[in-house]
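In what follows, a structure is listed as structure tokens, so that the remarks can point back to it.
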Number of protein chains: 2
Amino acid sequence: MISYRDNIVFILAKAHQRAQASLKARLQPFSLTPMQCLFMEALWEEDGLSVGEIGRRIALDTATLAGILDRLVTAGWVRREVDSQDGRVARVYLTEKGTGAIGTLAETMEQTNDDLLKGFSQEERLLLKRLLKDFRD
Amino acid sequence: MISYRDNIVFILAKAHQRAQASLKARLQPFSLTPMQCLFMEALWEEDGLSVGEIGRRIALDTATLAGILDRLVTAGWVRREVDSQDGRVARVYLTEKGTGAIGTLAETMEQTNDDLLKGFSQEERLLLKRLLKDFRD
DNA sequence: GTAGGTTATCTTGTATACAAGAGGTTTATA
DNA sequence: TATAAACCTCTTGTATACAAGATAACCTAC
């Protein structure tokens with residue numbers, strides 16, 4: 001019988017907790033949360049995505065996305081438009097403010113990534129990423 | 001410039017998401033969430049812990065613990081008592097219901113751990129755990 | 001013995017997360 | 001072209017998470 005301390009679900013939860021806290025602190029100057037930033041990164045990859053497509057790319061429920069989108073719209077980072085072809089679809093675009101900041105935001109995320117991994121060798125980094133990507137039930 | 005898809009914060013968040021979902025599904029029959037179960041595992045390790053000590057062991061804010069504790073008390077899994085020596089301290093004990101179920105709950109957590117790791121070799125499992133434990137800013 | 005600092009917990013406010021269901025839009029099909 | 005089926009988004013309810021402040025109990029120095 002192993003302790004919860006050695007359970008991968010627990011270990012993973014706590015590593016995730018530390019990673020989130022690190023990124024959160026670095027995004028504080030922008031008044032953006034990690035998820036809000038990630039949402040915008042998806043739009044940087046492809047602007048004008050639908051809410052559902054954003055959810056598929058960053059693996060989030062539309063119920064969760066609704067709140068994040070609301071706050072991003074209120075803060076002026078993105079705007080929401082109904083698709084002209086399909087009235088069901090809500091498309092999201094970066095505003096000028098969003099476009100102006102997205103490069104710096106991406107750098108912040110990348111810097112966080114590098115700092116979190118700085119204690120590991122190149123082999124360990126690749127291995128960790130591979131194991132986590134393969135990780136599923 | 002790397003994509004958010006290769007960022008360790010994102011990869012970690014999604015692996016965590018899958019692990020939580022897997023454990024959550026297995027705990028459904030008990031009407032317990034992963035965090036509620038983890039809280040009880042801490043008490044199995046040492047019954048009568050204070051709220052603060054539980055928070056240190058499972059790395060959770062007392063604000064978060066308050067809600068979890070409330071729900072566990074309401075459902076009859078644990079009881080809350082003020083320490084006889086120190087009126088500030090709230091001690092938590094497993095009830096009879098809690099004690100009766102904790103073994104099965106621990107087995108469920110362990111089974112989840114095993115299933116999540118079944119695709120990995122023994123070496124990979126140890127490596128993954130070590131890398132995640134070392135993982136910090 | 002009491003003022004003042006420390007400690008432990010609780011409360012409030014904000015932000016994820018997801019299940020489940022509602023509502024509106026489009027598409028398929030008879 | 002009705003009408004059912006499918007699709008997309010939004011809303012509601014529950015459960016983490018944490019920051020910041022409030023509250024109550026304890027302890028220390030004088």
Side-chain angles (χ1 to χ4, degrees), chain A residues 9-10 12-25 27-28 30-40 49-56 58-75 77 80-92, chain B residues 9-10 12-25 27-28 30-40 48-75 77 80-92:
Chain A
V9 183
F10 177 70
L12 204 46
K14 296 311 151 184
H16 165 245
Q17 197 178 41
R18 295 193 293 273
Q20 287 289 308
S22 176
L23 181 54
K24 182 181 176 183
L27 290 174
Q28 199 94 38
F30 304 95
S31 292
L32 281 169
T33 64
M35 262 310 145
Q36 288 165 8
C37 182
L38 184 61
F39 187 112
M40 288 174 68
L49 289 173
S50 70
V51 171
E53 179 58 25
I54 294 171
R56 272 185 292 280
I58 67 179
L60 272 191
D61 206 80
T62 58
T64 305
L65 290 174
I68 296 172
L69 176 53
D70 280 352
R71 285 181 283 278
L72 285 174
V73 169
T74 301
W77 297 104
R80 185 186 172 291
E81 265 178 42
V82 176
D83 188 286
S84 54
Q85 308 294 306
D86 187 338
R88 292 169 303 181
V89 175
R91 299 210 167 274
V92 187
Chain B
V9 182
F10 177 69
L12 203 46
K14 296 312 151 185
H16 165 245
Q17 196 178 42
R18 294 193 293 274
Q20 287 290 308
S22 176
L23 180 53
K24 182 180 177 183
L27 290 174
Q28 199 94 38
F30 304 95
S31 293
L32 281 169
T33 64
M35 262 308 145
Q36 288 164 8
C37 181
L38 185 60
F39 186 111
M40 289 174 67
L49 289 173
S50 70
V51 171
E53 180 58 25
I54 294 170
R56 273 185 292 280
R57 295 200 187 193
I58 67 179
L60 272 191
D61 206 81
T62 59
T64 305
L65 290 174
I68 296 171
L69 176 54
D70 280 352
R71 285 181 283 278
L72 286 175
V73 169
T74 300
W77 297 104
R80 186 187 171 289
E81 265 179 42
V82 176
D83 187 286
S84 55
Q85 308 294 306
D86 188 338
R88 294 169 303 181
V89 175
R91 299 210 169 274
V92 188

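Sequence lines set the chain letters: A, B, ... in the order given, protein chains first and strands last, and positions in each chain run from 1.
- For the pair A/D83 CG and D/dC10 P, the interatomic distance rounds to 13 Å; values are reported in whole Å.
- Rounded to a whole Å, the CG atom of A/L69 is 17 Å from the P atom of D/dC8.
- Here the C1' atom of nucleotide C/dC10 and the CG atom of B/D70 are 10 Å apart, to the nearest Å.
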Worksheet entry | Stepwise side-chain contact (heavy atoms from CB on, under 4.5 Å) check, B/L12 with A/L12 | CA-CA 8 Å; B/L12 203 46; A/L12 204 46; 3.8 Å; yes

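- Sorted by first and then second residue, the side chain to side chain donor-acceptor pair (under 3.5 Å) pairs involving residues 58-67 of chain A (not counting sequence neighbours) form an empty list.
- Contacts of A/R71 classified as side-chain contact (heavy atoms from CB on, under 4.5 Å), with partners at least two apart in sequence or in another chain: A/Q36, A/I68.
- Atom CD in A/Q28 sits about 12 Å away from atom C1' in C/dT14, given to the nearest Å.
- Not counting sequence neighbours, the partners of A/K14 by the side-chain contact (heavy atoms from CB on, under 4.5 Å) test are A/F10, A/Q17, A/R18, B/M35, B/A59, B/L60.
- For B/S22, the side-chain contact (heavy atoms from CB on, under 4.5 Å) partners two or more places apart in sequence, or in a different chain, are A/D137, B/R26, B/T112, B/L116.
- Spacing between atom CG of A/L65 and atom P of D/dC10 amounts to 9 Å, rounded to whole angstrom units.
- Residues meeting the salt bridge (Lys or Arg N to Asp or Glu O under 4.0 Å) test with A/R88, sequence neighbours left out: A/D86.
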Worksheet item: What one-letter contact string describes nucleotides 15-28 of chain C from 5' to 3', where B marks a base within less than 4.0 Å of any protein heavy atom, S marks contact via sugar-phosphate atoms alone, and - marks no contact?
Response: SBBBB----BBS--

